[in-house]
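This report refers to the structure that appears directly beneath it.
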Amino acid sequence: MNTNALPRRRATPRTAFFATLLGTFFISFHTAPLTAQTRVSAFAQAVAEAAAQDTEIAAFYRQNGYQPVWTGTGPQDKARRAALLRALAGAADHGLPAHDAANLKARLINVQSLRDLGRAEVEMSKLFLSYAQGVNSGILIPSRVDSGIVREVPRKNGAELLAAFIEADPSAYLRSLPPTSPEYARLMKEKLRLDAQIANGGWGAVVPVNSLKPGQAGQAVIALRNRLIRMGYLNRSASQSYDATIQKAVQAFQEDHGLTPDGVAGPGTIDEINTAAEKRLASILVAMERERWTNIDRGKRHIWVNLADFTAKIVDGGRVTFTTRSVIGKNIHDQRSPEFSDVMEFMVINPTWNVPRSIATKEYLPMLKRNPNAVSHLKLIDSRGRVVNRSAVNFNAFSAKSFPFAIKQPPSSRNALGLVKFMFPNKHNIYLHDTPSKSLFGREVRAFSHGCIRLNDPFDFAYALLAKQTSDPEGTFHKVLNTGRETRVNLEQPVPVHLVYRTAVAPAKGRMMYRRDIYGRDAKIWDALQNAGVALGGGAG
């Protein structure tokens, strides 16, 4: 006799294993011919076997003595099943892979043995962890998608998640897992709205020309007008000319998309206007995944550098209290600004620029070989810290590997770091700093550095930071600056710094804001999300 087999069932609850969930699904499991001890032992063995390949789930069931979490007959098991199925049904609303609840129900209904039951138990735990970890900290490992995303994601341990879940109210616990940031809620709301917009035809026909300007008329202007109406930038209008109202709408669109707000629909503006609603939705789904990667305590006061937006902000208690334009790393290999979080500890006023070796050997050594007096504002320093006389050096005798000197630029207004740098010591050697190249801040796309973040208003940034520790931040700063000497000024309260990359931002007020994917990182993330099962058009919208 197969002691693991259930007796052939009749149409009675006594010998049935019947499943319905969310009000119509329950599990009633009776195996009268087997002793309770035999049933428990066989179930435990089945669970252990099914969980063996997942160390976190296996650890949880060892700790709880292989007791069922999902497949028991008590009210708590029912509540957990119902809560999980509700969460899985809404997974697509979060931009997560959709789960086939019907398939799960069918598997439970078709359980025929204790081995099947144990497998079903573990399968539901796997589904729970897939959802719980995904909605809490993302479904991708950032560094595997792009080496420039070096962010450490706080993934919760599976055994600990399950242990906490069985002690809590199931529905409340699952509701607590997504990020609680206002940005995440706004992105999710926009995701659902855009789902409905796409189902209703998106934003209509594209504008069939490369550019338009005020005063023009015709079918292309009508297409522009209609698209702006569907995007929410223009009230219903019968105008067939590029009038002042359309110009104002174009300006508003340009401001929301990081474009020069001149009201002229040039090639760049037309490209952005013609971007499909589906592509914008993909940007939102990527932003939601990125928001899950930063589901951490960001600090009551923190610095938020959005690389894609070319801005650096100070945030106090959820409110932006300071904003400045920034320049970020060039879009070439090994110069793109990385994404990570750290803590700003001090600023250096009148900094010396210690030229990174990669720049010294790749950029300056070839120049010195051609002309030993090139870049005369820089000093060569030997291994003993002495300034080297260039005329005594045969630069052509050295390769990038054998070049024995360090290169430094003393403090001055011409220093590549400007007059102040802001330090959050990290292995990537990235920091925020001033620059003498002020003209670059007027550009629409500002990717010109070797990776560090240049600030348009570094003095004002310094005043804002120092205001927490002195009644005269401006005076304190300039007293040090006027010495001309390199000086470290510690922040009495270190400030978390977050270098992020958001091409879709949902402000507290106003319309969505979109930016170009200048490094191509979001395209990689979207491909990875699709490979993981995320799809457009999911959710309740």
Side-chain angles (χ1 to χ4, degrees), residues 2-89 91 99-133 158-171 173-174:
N2 179 4
T3 56
N4 280 339
L6 294 173
R8 189 175 299 277
R9 61 182 182 176
R10 296 179 182 176
T12 65
R14 172 72 177 168
T15 58
F17 185 94
F18 180 71
T20 47
L21 283 163
L22 299 174
T24 62
F25 181 69
F26 67 91
I27 295 178
S28 176
F29 180 51
H30 300 275
T31 52
L34 302 179
T35 67
Q37 184 176 358
T38 301
R39 291 199 303 271
V40 170
S41 177
F43 176 79
Q45 182 179 348
V47 169
E49 290 176 356
Q53 300 304 312
D54 189 308
T55 56
E56 294 181 352
I57 292 178
F60 166 74
Y61 280 107
R62 281 196 304 271
Q63 292 165 3
N64 90 329
Y66 298 98
Q67 295 298 309
V69 172
W70 315 98
T71 57
T73 59
Q76 273 299 95
D77 297 77
K78 275 188 179 182
R80 292 179 195 128
R81 291 193 298 269
L84 178 60
L85 264 292
R86 279 194 298 272
L88 294 178
H99 292 274
D100 188 351
N103 181 57
L104 175 59
K105 294 176 186 179
R107 290 189 61 181
L108 291 169
I109 291 171
N110 293 324
V111 165
Q112 296 295 316
S113 69
L114 288 168
R115 184 177 292 266
D116 290 346
L117 189 64
R119 288 173 175 168
E121 171 74 26
V122 172
E123 180 63 26
M124 292 192 76
S125 288
K126 288 180 178 179
L127 285 171
F128 165 79
L129 289 185
S130 174
Y131 173 81
Q133 291 172 331
E160 293 173 3
L161 272 172
L162 280 162
F165 176 66
I166 65 173
E167 295 297 327
D169 174 85
S171 295
Y173 187 82
L174 286 165

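The analysis underlying the following values was restricted to heavy atoms, covering all of them including side chains, and did not include hydrogens, waters or symmetry mates.
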Write down the atom of [X], the atom of [Y], and the distance for their closest heavy-atom approach.
X: A42; Y: L114; value: CB-CD1, 3.5 Å
X: S130; Y: H99; value: OG-CE1, 4.1 Å
X: D77; Y: G72; value: OD2-N, 3.0 Å
X: V47; Y: V122; value: O-CG2, 3.6 Å
X: P170; Y: A79; value: CB-O, 3.9 Å
X: A87; Y: L174; value: CB-CD1, 4.0 Å

Nearest 0.5 Å, please: how far is [atom2] in [Y] from [atom1] in [X]?
X: I57; Y: K126; atom1: CD1; atom2: NZ; result: 6.0 Å
X: Q67; Y: Y61; atom1: CD; atom2: OH; result: 10.5 Å
X: E49; Y: R119; atom1: CD; atom2: CZ; result: 7.5 Å
X: L129; Y: L162; atom1: CG; atom2: CG; result: 4.5 Å

Would you please classify the geometry between the F128 ring and the W70 ring as parallel, tilted or perpendicular, with 30° and 60° separating the classes? tilted
Can you name the residues that form a side-chain contact (heavy atoms from CB on, under 4.5 Å) with I166, not counting sequence neighbours?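 F60, V69, R80.
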Qualifying residues under side-chain contact (heavy atoms from CB on, under 4.5 Å), relative to S171, sequence neighbours excluded: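 So S171 forms a side-chain contact (heavy atoms from CB on, under 4.5 Å) with A83, R86, D169, R175.
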With distance as the sole test, does E121 use its side chain to make a donor-acceptor pair with the main-chain N or O of P68 at under 3.5 Å? no
For E123, all residues meeting salt bridge (charged side-chain N to carboxylate O under 4.0 Å, His left out), sequence neighbours excluded: R107
